[in-house]
Amino acid sequence: MKVFKVIVFILISSLVLPCCTAPSGNNEWECKGVFKAELTGDVEQQLCINQVENYQLSNHFLQFNVQNFDIAGKSLFELKLENYSGPGSYDFGLDQLSRFSLNVYGASDEFYKCVSGKIVVSEASSNSLQADFDVVLEGFYNKKTIHARGGIHL
């Protein structure tokens with residue numbers, strides 16, 4: 001089990017390569033990327049990713065994927081708002097249609113699903129997305145939790 005935790009930590013830590021780090025003594029860090037997240041709990045990490053792989057917006061659907069490839073494998077953040085109706089606050093949870101997830105692929109796969117939290121969308125158009133999130137993710141196999149706070153700013 002300890003080896004599994006180390007592998008998951010290495011995979012998620014590898015996201016840091018294209019990331020920014022926080023200045024000491026300050027809870028905020030400068031991120032010039034389009035996706036920013038601070039992970040706490042089972043994993044302690046700050047992420048700053050420069051590219052969104054997939055972004056879709058239609059009448060009642062909003063989705064984006066952010067991923068990172070490295071030597072250890074691939075990590076994928078995915079958001080799907082099935083009930084999107086414009087700017088506003090959307091809740092996540094086990095009984096909600098919408099979902100937020102983190103999937104880690106590599107030597108030991110782990111799939112973190114959102115068990116609670118929300119996203120606040122301030123702007124969404126075909127070429128722009130401004131949103132901030134605060135969610136709790138739980139691992140499918142290890143049942144450990146990660147608290148993720150951040151935003152996407154296309």
With a 3.5 Å cut-off and no angle check, do the side chains of E110 and N142 form a donor-acceptor pair?
-> yes
Step by step, work out the side chain to side chain contact (heavy atoms under 4.5 Å, CB included) result for T40 and I146.
-> CA-CA 6 Å; T40 57; I146 297 173; over 6 Å; no
Set of residues satisfying ring-ring contact (aromatic ring centres under 6.0 Å, His included) with respect to F111, sequence neighbours excluded | Y105
Output all residues satisfying ring-ring contact (aromatic ring centres under 6.0 Å, His included) with F133, sequence neighbours left out; order by chain, then residue number.
-> F35, F100
Derivation of the side chain to side chain contact (heavy atoms under 4.5 Å, CB included) call for E78 and N65 = CA-CA 5 Å; E78 180 178 40; N65 296 341; 3.0 Å; yes
Side chain to side chain contact (heavy atoms under 4.5 Å, CB included) involving [X] - partner list, sequence neighbours excluded:
| X | result |
| --- | --- |
| D134 | H147, R149 |
| F61 | Q56, S58, Q63, K80, E82 |
| T145 | V136, E138 |

May I ask you to check whether F140 and Y112 place their ring centers less than 6.0 Å from one another?
-> no
Among all residues two or more places apart in sequence or in another chain, which pass the side chain to side chain donor-acceptor pair (under 3.5 Å) test with [X]?
| X | result |
| --- | --- |
| S101 | none |
| H60 | none |
| N127 | S125 |
| E123 | S128 |

If you measure from [atom1] on [X] to [atom2] on [Y], what distance do you get to the nearest 0.5 Å?
| X | Y | atom1 | atom2 | result |
| --- | --- | --- | --- | --- |
| F77 | I49 | CZ | CD1 | 6.5 Å |
| N83 | S98 | CG | OG | 4.0 Å |
| E53 | Q67 | CD | CD | 4.0 Å |
| L137 | D42 | CG | CG | 11.0 Å |

Would you call [X] and [Y] a side-chain contact if the rule is heavy atoms closer than 4.5 Å?
| X | Y | value |
| --- | --- | --- |
| L62 | L129 | yes |
| I119 | L79 | yes |
| V121 | Y84 | yes |
| I152 | V52 | yes |

Under the ring-ring contact (aromatic ring centres under 6.0 Å, His included) rule, what pairs show up with a residue in residues 38-57, not counting sequence neighbours?
-> none
Full working for side chain to side chain contact (heavy atoms under 4.5 Å, CB included) between F64 and N54 | CA-CA 5 Å; F64 72 80; N54 179 27; over 6 Å; no
Please assess D132 against H153 for the test side chain to side chain contact (heavy atoms under 4.5 Å, CB included), listing each intermediate value before the final yes or no.
-> CA-CA 9 Å; D132 294 301; H153 303 283; 3.3 Å; yes
In terms of heavy-atom contacts, S89 and V120 come closest through OG-CG2, 4.1 Å
Do you know which two heavy atoms are closest between C48 and G33, and how far apart they sit?
-> SG-N, 3.4 Å
Between the main-chain N or O of D109 and the side-chain N or O of Y141, is there a donor-acceptor pair closer than 3.5 Å?
-> no
Does Q130 use its side chain to pair, donor to acceptor, with the backbone of L154 at less than 3.5 Å?
-> yes
